[in-house]
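These notes are about the structure you will find just below.
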Amino acid sequence: MIKKVLVANRGEIAVRIMRSCREMGIKTVGVFSEADRSAMHVRYADEAYFIGPSPSAESYLRMDRIMEVAKQSGADAIHPGYGFLSENASFSALCQKEGISFIGPDPYAIETMGDKITARKTMIAANVPVVPGTTEPITDLKKAVEVIQEIGLPVMIKASAGGGGKGMRLVKEASKIVEAVSAARSEAKAAFGDDAVYIEKYIASPHHIEFQILGDKHGNVVHLFERECSVQRRHQKVVEETPSPIMTPEVRARMGEAAVAAAKAVNYHGAGTIEFIVDDNLNYYFLEMNTRLQVEHPITERVVGVDLVKQQINIANGLPLKFKQEDLKQSGHAIEVRIYAEDSDNNFMPSPGTIKHITEPLGLGVRHDGYAYEGYEIPMYYDPMISKLIVWGETREEAIARLKRALYNYKITGVKTSIPYLHRILEVPAFVEGSYNTHFIEENQQYLQPRTNCSGRCEDIAAITAFFDYLTKLEKLQPAVPTKELGSSWKDFGRKRSILRL
Amino acid sequence: MIKKVLVANRGEIAVRIMRSCREMGIKTVGVFSEADRSAMHVRYADEAYFIGPSPSAESYLRMDRIMEVAKQSGADAIHPGYGFLSENASFSALCQKEGISFIGPDPYAIETMGDKITARKTMIAANVPVVPGTTEPITDLKKAVEVIQEIGLPVMIKASAGGGGKGMRLVKEASKIVEAVSAARSEAKAAFGDDAVYIEKYIASPHHIEFQILGDKHGNVVHLFERECSVQRRHQKVVEETPSPIMTPEVRARMGEAAVAAAKAVNYHGAGTIEFIVDDNLNYYFLEMNTRLQVEHPITERVVGVDLVKQQINIANGLPLKFKQEDLKQSGHAIEVRIYAEDSDNNFMPSPGTIKHITEPLGLGVRHDGYAYEGYEIPMYYDPMISKLIVWGETREEAIARLKRALYNYKITGVKTSIPYLHRILEVPAFVEGSYNTHFIEENQQYLQPRTNCSGRCEDIAAITAFFDYLTKLEKLQPAVPTKELGSSWKDFGRKRSILRL
Amino acid sequence: MSYEIKINDRIAQAELLSRNGNQIQVMLDDKLYELDIMEVERGVYSIIHNNSSFNVELVEAKNAKSYTVNTLYESFDVQIIDAESKYLMNRKKDDGEDDLVIASPMPGKVVKVLVKDGDQVKAGETVVVVSAMKMESEYKVKQDRLIKKVLVKEGDTVTGDQPMVIIE
Amino acid sequence: MSYEIKINDRIAQAELLSRNGNQIQVMLDDKLYELDIMEVERGVYSIIHNNSSFNVELVEAKNAKSYTVNTLYESFDVQIIDAESKYLMNRKKDDGEDDLVIASPMPGKVVKVLVKDGDQVKAGETVVVVSAMKMESEYKVKQDRLIKKVLVKEGDTVTGDQPMVIIE
């Protein structure tokens with residue numbers, strides 16, 4: 001059984017993993033770069049080892065250094081968290097070779113799922129639906145028309161050599177097929193000197209819905225239902241929720257089965273996520289598999305009632321899953337938002353700096369996974385995520401209300417954060433109704449601009465407070481009032497005390 | 001419908017109530033005494049009104065002042081929290097009279113349950129089991145012996161006029177009945193000049209188990225299962241958990257029915273708690289009813305998945321309960337501990353003072369209901385409870401591990417707290433096994449003494465850290481190193497900046 | 001004494017009329033405010049005005065006279081303008097658009113320094129490039145300028161508001 | 001320079017041998033400690049010793065030389081003893097058992113003052129009674145004493161460590 005885990009990561013996920021280890025009575029080893037000496041994961045770990053300069057390539061991505069620390073510290077397992085080495089097949093292989101348990105899948109699963117083409121082929125073989133389309137470039141008009149008819153409209157035609165929108169054509173009507181293929185090809189030819197094209201089913205209103213799975217080393221795989229992750233900005237998830245507001249029990253069951261089949265196709269063990277693209281009619285297609293813990297895993301933990309990190313460790317220990325599919329169910333609704341150190345109103349510019357003051361939201365239904373603290377300087381070398389706020393409610397409506405309440409009470413000063421922006425998202429009508437797709441942020445710009453929620457009184461009070469603070473500071477610079485006469489003993493005592501106080 | 005709630009309380013419960021109001025879109029009005037100007041509930045409320053000097057009798061217990069504020073602010077309801085006016089029938093009546101909704105039961109229910117004798121009689125009439133015993137004083141030996149035989153051994157004989165243990169006798173064997181009654185009577189006579197005695201069933205291993213109930217204004221009452229509150233110090237609950245480790249599904253169902261019957265007997269509406277005393281064979285007896293929200297209500301909220309404050313408000317609004325008994329179930333295990341500002345190792349002496357630094361525990365399964373913040377001075381006028389830490393786990397074992405992890409990461413400096421003491425409780429074998437009764441703290445003193453968890457190295461490191469801090473402070477008192485020569489513009493700039501910075 | 005206060009783009013007149021413990025009277029332009037004001041945490045004020053409760057957070061910006069002020073969902077830039085500030089503001093206007101010092105508004109790493117002491121640069125020329133969290137920012141001059149002193153070199157880590165180049 | 005450090009009842013010799021950034025070498029009695037030490041929050045230190053990670057919280061007690069030090073589950077009273085402290089400690093020993101000043105260790109309200117300036121009190125006599133959170137504490141003298149100065153009156157609110165009575 002695993003007794004000491006090296007956590008090859010930093011930030012909130014490193015601390016989150018160490019929490020579960022502590023609950024299991026497992027010792028933890030942290031590793032840190034130059035920038036992270038004062039980071040929370042170093043303080044939280046039982047042991048901490050320096051592994052190199054601040055840039056990740058010279059520290060958190062250094063497999064050799066990490067392996068060295070694992071041996072020096074006597075760790076019997078390594079948890080990679082997410083990012084960094086978490087989906088690195090060579091690292092998984094290195095752990096195997098060195099006889100240290102890698103808390104994650106084996107190199108084969110990582111490799112197969114890591115390569116888009118191989119993954120797609122493996123899924124087709126396993127009868128998991130993929131987005132209909134060609135895998136080989138088409139250089140022939142007739143063949144292109146045939147394929148389009150097979151896939152069914154609408155489709156997107158993309159230049160094989162392409163990029164930047166050149167040689168792309170969306171076709172919605174049968175009468176436009178030939179025209180579009182010809183246009184795309186000649187544009188591609190002109191732009192890239194190559195008229196080969198790919199053809200892919202076009203999903204007009206795409207939803208990003210993913211399924212959490214868990215597989216043990218005995219061939220058992222279960223899914224822990226879906227997460228709706230369609231609120232994205234530049235392919236970066238911003239808000240995640242479960243259940244998905246568009247899901248039905250029937251489709252959920254079928255997608256769950258597909259997710260389990262996908263995992264079984266690569267003999268998957270560990271925690272993993274099958275990402276699907278889903279259209280408005282709930283047709284779903286395999287997009288990719290993340291062979292690691294996801295940032296948004298806590299919403300699943302909350303609604304299903306399972307600690308996923310503990311499950312990962314149990315699986316790495318070779319234990320069979322202790323629940324079957326029919327034992328699992330969803331209860332209530334959970335939403336996660338990611339709090340970034342960024343200036344959301346200024347092109348989402350990162351805002352590194354020192355946290356001056358932090359007030360975390362508390363109370364019923366609120367989970368907070370963070371790692372920052374007062375006086376902590378958010379380093380500029382890594383992802384600017386400060387924390388994740390996860391709320392649960394009996395219903396989706398209650399969860400949204402609770403999240404707004406929690407954001408209202410979450411105060412971070414010293415750096416700009418995405419808190420006000422997140423609050424605005426929660427008030428967009430499409431979000432409130434639960435009818436949104438991955439174009440949500442783009443399409444709702446008018447709701448996402450900074451607004452004035454407060455009357456002129458607010459502005460006045462802001463001004464007066466600053467004014468008052470300034471006057472108070474000025475006053476403190478004046479010479480102090482002489483102390484009262486209290487008899488000689490008292491004066492002696494006073495003097496002595498002030499000396500003692502340096 | 002209620003639009004603005006005056007919260008006639010302070011501390012964590014005031015903030016907790018305001019949180020639910022905020023989630024419901026209800027405005028909140030806070031009231032505060034002199035000592036509480038900087039308290040969190042004043043900061044959290046939408047409106048705040050000063051109501052008087054620090055002693056509760058001159059502020060939080062002043063019904064007239066509170067009613068005045070309710071009218072001035074246009075509040076349409078008052079939530080009394082727990083303590084203060086929460087079980088004051090006159091206040092409930094005053095609200096009725098003034099046409100302001102009292103979020104709690106009506107005066108009749110408060111009064112009936114507030115008087116021990118009336119409550120007992122009402123319960124007997126409703127077929128709710130009470131501790132067998134006499135309600136009238138017995139002045140006759142023969143009658144006493146008869147009653148004892150009826151109740152069954154063991155029994156406790158208590159002087160009717162008594163107190164302080166005088167005239168008390170525990171009888172376990174039939175052969176000792178006459179002797180014990182005679183001895184108790186003569187002792188009572190000598191001590192109080194009155195030889196009348198009461199006789200009560202003696203429960204050797206008492207468990208304090210209570211049931212949460214909710215009743216609406218349409219006669220519907222449900223229970224939300226039990227809370228085990230046997231870990232008590234001087235009748236003050238210290239740790240609460242649900243489910244109770246000694247409960248069985250059958251007894252739970254029967255006790256739940258008894259709890260519902262008890263509430264129905266007084267036409268109860270609102271949230272309430274039926275306290276039972278339970279012996280090792282799971283015989284249960286009505287002890288009393290708390291006609292308000294309990295301090296420990298969050299563990300029920302977590303395991304049943306219901307926001308009790310929202311339910312209270314819905315009930316006050318005249319809405320019918322939206323769930324039936326069969327819709328409710330317990331899922332997982334929850335434990336609450338109360339964090340006090342006290343010196344647990346020094347006779348539990350209260351430790352008021354200023355919070356210098358606070359680090360709240362975060363992560364999966366942790367709820368934290370508090371009101372203190374850095375720089376906050378815990379006033380000496382009120383209960384020294386700082387916060388409640390509530391954890392949830394899939395199993396009792398996981399919940400205990402999680403609570404230990406959370407306490408480990410909960411740091412408060414500036415005042416002494418009960419955190420180390422609570423940690424020790426969680427490691428007492430009887431607690432770990434779940435086989436404890438209300439004598440738990442008394443009987444486990446040997447486990448509850450302060451211990452050294454850390455080697456000599458810990459002590460050395462403590463000493464070195466203080467030493468290093470001292471040296472650093474000394475160093476700062478030395479004159480600063482002259483700044484580097486940077487050319488005249490730079491010097492100018494430096495000078496200017498230091499002026500700007502005052 | 002009356003002060004000028006700049007709140008975002010508005011300039012208001014403020015005067016503290018009286019103070020009695022937490023209770024203050026302030027005249028802001030033509031409005032009289034009677035407030036109960038209290039610093040409850042470092043930089044966090046609790047204010048009660050006509051029984052409404054406000055929480056206001058102050059973060060000192062460039063100097064003791066300029067603040068970022070956060071209320072419920074809003075953020076204001078507030079600057080207290082006294083004689084000295086006025087002088088500096090006027091002087092700055094005379095100088096044209098550039099600050100006399102090019103400073104990085106946020107911590108980062110100096111990626112490129114394109115000038116050296118004594119260089120003459122043209123309006124719009126980039127002087128220094130700083131990278132933070134994988135984004136690069138270019139710092140330019142707006143007028144033809146003389147580089148008086150370069151205070152950083154490539155590879156240096158700079159803190160927020162640290163002067164990098166002094167120009168004339 | 002070597003210092004004496006009092007940790008609970010133990011007195012240890014401490015000397016800082018070297019310091020290089022966070023890295024320090026300290027000799028504590030006959031043990032050499034090489035530590036990576038860093039103040040990460042106000043009064044909170046992160047220490048790495050032989051790759052073990054410690055969090056240590058310091059709360060200044062009566063003065064800058066005495067601390068309450070919290071480690072994982074333990075709390076130590078630590079005092080740095082320099083020449084001045086030694087002098088005071090010796091003087092205190094000469095005086096017998098009483099402190100020269102009776103101070104309340106915690107904030108509270110003065111319920112009773114039983115003496116006035118110039119009173120002679122007997123050993124064990126109660127001088128003042130303070131109430132905090134509904135508990136009353138009596139402050140007594142351990143020896144026959146002269147009351148030099150009473151600094152509080154009944155009904156006063158006292159802060160932690162506030163002197164209440166000066167004795168001789």
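Numbered from 1 within each chain, the chains take letters A, B, ... in sequence-line order.
- Residue B:Glu397: no heavy atom, backbone or side chain, is found under 4.5 Å from chain A.
- Seen from the ring of A:Tyr373, A:Arg43 counts as a face-on cation partner, given the 6.0 Å and 45° thresholds.
- For the options A:Leu364, A:Asp369, A:Leu403, heavy-atom pairs under 4.5 Å to chain B are most numerous at A:Leu364.
- The pair A:Arg19-A:Glu23 does not count as a salt bridge, with every side-chain nitrogen at least 4.0 angstrom from each carboxylate oxygen.
- Ranked by heavy-atom pairs shorter than 4.5 Å toward chain B, the options A:Val306, A:Val366, A:Thr359 are led by A:Val306.
- With A:Glu475 contributing its side chain and A:Leu471 its backbone, the two residues share no donor-acceptor pair below 3.5 Å.
- The part of B:Tyr408 that comes within reach of chain A is its side chain, from C-beta onward, which places non-hydrogen atoms under 4.5 angstrom from that chain.
- Ranked by non-hydrogen atom pairs under 4.5 Å with chain B, the options A:Glu360, A:Arg302, A:Arg16, A:Lys404 are led by A:Arg302.
- The residues B:Asp46 and B:Lys4 are annotated as not salt-bridged, no charged nitrogen and carboxylate oxygen being separated by less than 4.0 angstrom.
- Only the side chain of A:Glu374 comes within less than 4.5 Å of a heavy atom of chain B; its backbone N, CA, C and O stay farther away.
- Side chain of A:Lys388 to backbone of A:Val295: a donor-acceptor contact under 3.5 angstrom is found.
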